[in-house]
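Atoms within each ligand, like the ligands themselves, are counted from 1 in listed order. When reading the values below, keep in mind they use all heavy atoms of this one structure, side chains included, and skip hydrogens, waters and symmetry mates.
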Amino acid sequence: MKGRILVLGSSNVDFILRIPRFHSPGETITGENLITAFGGKGANQAITAKRLGADVLFLTKVGNDHYGTAYRQNLIKNGLDQRLIFKDKDLPSGMAVIELTPKGENRIIASLGANSSLNETDLKKVYLFWKDIKVFVAQLEIPLSTVKTGLKLAKEHEALTLLNPSPPVELSSSILSLIDFLVPNEVEAQILTGIKWKKDKDIRSIAKRLIEMGPKNVIITLGPKGLFFKNQGEEIWMKAYKVKAIDTTGAGDAFLGAFACALSEDRPLREALRFANGAGALATTKLGAQPSLPFRKELERFLSKMAF
Ligand code: ADP
């Protein structure tokens with residue numbers, strides 16, 4: 001039976017500047033025309049799950065500026081319930097300035113804005129929405145104390161909990177033990193464990209260490225190498241689908257949103273991982289984060305084509 005997903009997290013407006021190279025202090029250079037796009041890990045993950053047909057609620061906070069108004073419209077357009085979109089009356093909306101070079105390198109400056117004031121009171125204000133939650137999803141672009149309260153409330157409501165530890169910060173065992181699925185990428189997994197990945201087999205030690213830290217299951221996403229899953233009894237290494245990747249922004253968020261969607265439909269683990277692996281791959285075939293997040297039909301067509 002299909003269950004409800006609650007995503008708790010950030011909404012950011014991304015300002016993307018393509019520049020010829022990273023420049024030095026005091027130097028002015030000319031970039032291409034500025035691209036403004038809706039982003040933020042929370043919003044990207046919620047929108048993916050929604051596009052894939054899940055029943056999704058997204059709890060977030062925007063600023064008291066025209067970006068906040070535009071962001072609210074964007075979330076409503078994507079089918080998300082406006083009663084869970086809060087507005088901070090003093091702070092600006094969350095923003096990120098993203099510099100991209102022709103080599104594909106990026107440099108990002110994030111300004112948290114209203115995301116930094118999403119708090120425990122906001123979580124409690126929506127208490128009526130908690131009762132039917134089957135899957136809870138969070139990332140770390142909002143205060144850690146809010147994430148912790150969210151995880152606790154989710155467990156009290158017997159929901160499955162997913163944490164995407166991005167950007168990575170030190171996590172206490174009291175937080176890690178509330179997590180059913182910890183989903184870092186390979187860089188985040190190395191930072192969380194302090195273990196460097198030199199050879200492919202090191203990923204097993206990193207995953208083993210993460211499991212010892214408290215979560216029930218760990219999925220390390222490995223970009224074009226796919227994913228590595230581990231829990232107490234099982235290990236799964238799944239290769240990535242072969243696609244022509246043009247922009248990997250949002251791949252991790254598509255993966256998370258799709259995995260949450262599959263869990264909300266009670267799909268078996270391997271099938272849920274395959275669904276997420278496909279969504280991540282598809283997201284790399286289009287430019288930008290939110291425009292590249294896949295829809296259900298598109299993903300199903302892709303997966304059935306890839307099965308032969
Ligand atoms: P993040 O965007 O958080 O850094 P990853 O780069 O690990 O996350 O990508 C998340 C998932 O997206 C991967 O596990 C894989 O399923 C898919 N993916 C990412 N890059 C590619 C690629 N080049 N080809 C195919 N699939 C990819």
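Screening residues 24-59 for ring-ring contact (aromatic ring centres under 6.0 Å, His included) gives Phe38-Tyr71 as the qualifying pairs, with residues at least two apart or on separate chains. For residues 128-163, the set of pairs meeting the ring-ring contact (aromatic ring centres under 6.0 Å, His included) definition, not counting sequence neighbours, comprises Trp130-Phe136, Trp130-His157. Listed by first and then second residue, the ring-ring contact (aromatic ring centres under 6.0 Å, His included) pairs involving residues 84-108 amount to none (not counting sequence neighbours).
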Item checked: Full working for salt bridge (charged side-chain N to carboxylate O under 4.0 Å, His left out) between Lys131 and Glu158 -> CA-CA 9 Å; Lys131 70 173 170 33; Glu158 292 171 7; over 6 Å; no
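Note that the CD1 atom of Ile47 and the CG atom of Asn74 stand 5.0 Å from one another [nearest 0.5 Å]. Distance CZ/Arg296 to OG1/Thr48: 13.0 Å, rounded to 0.5 Å.
Protein residues with a heavy atom under 4.0 Å from ligand 1 are Asn185, Thr221, Leu222, Gly223, Pro224, Gly226, Ala240, Tyr241, Val243, Ala245, Ala251, Gly252, Phe255, Asn277, Gly280, Ala281, Thr284.
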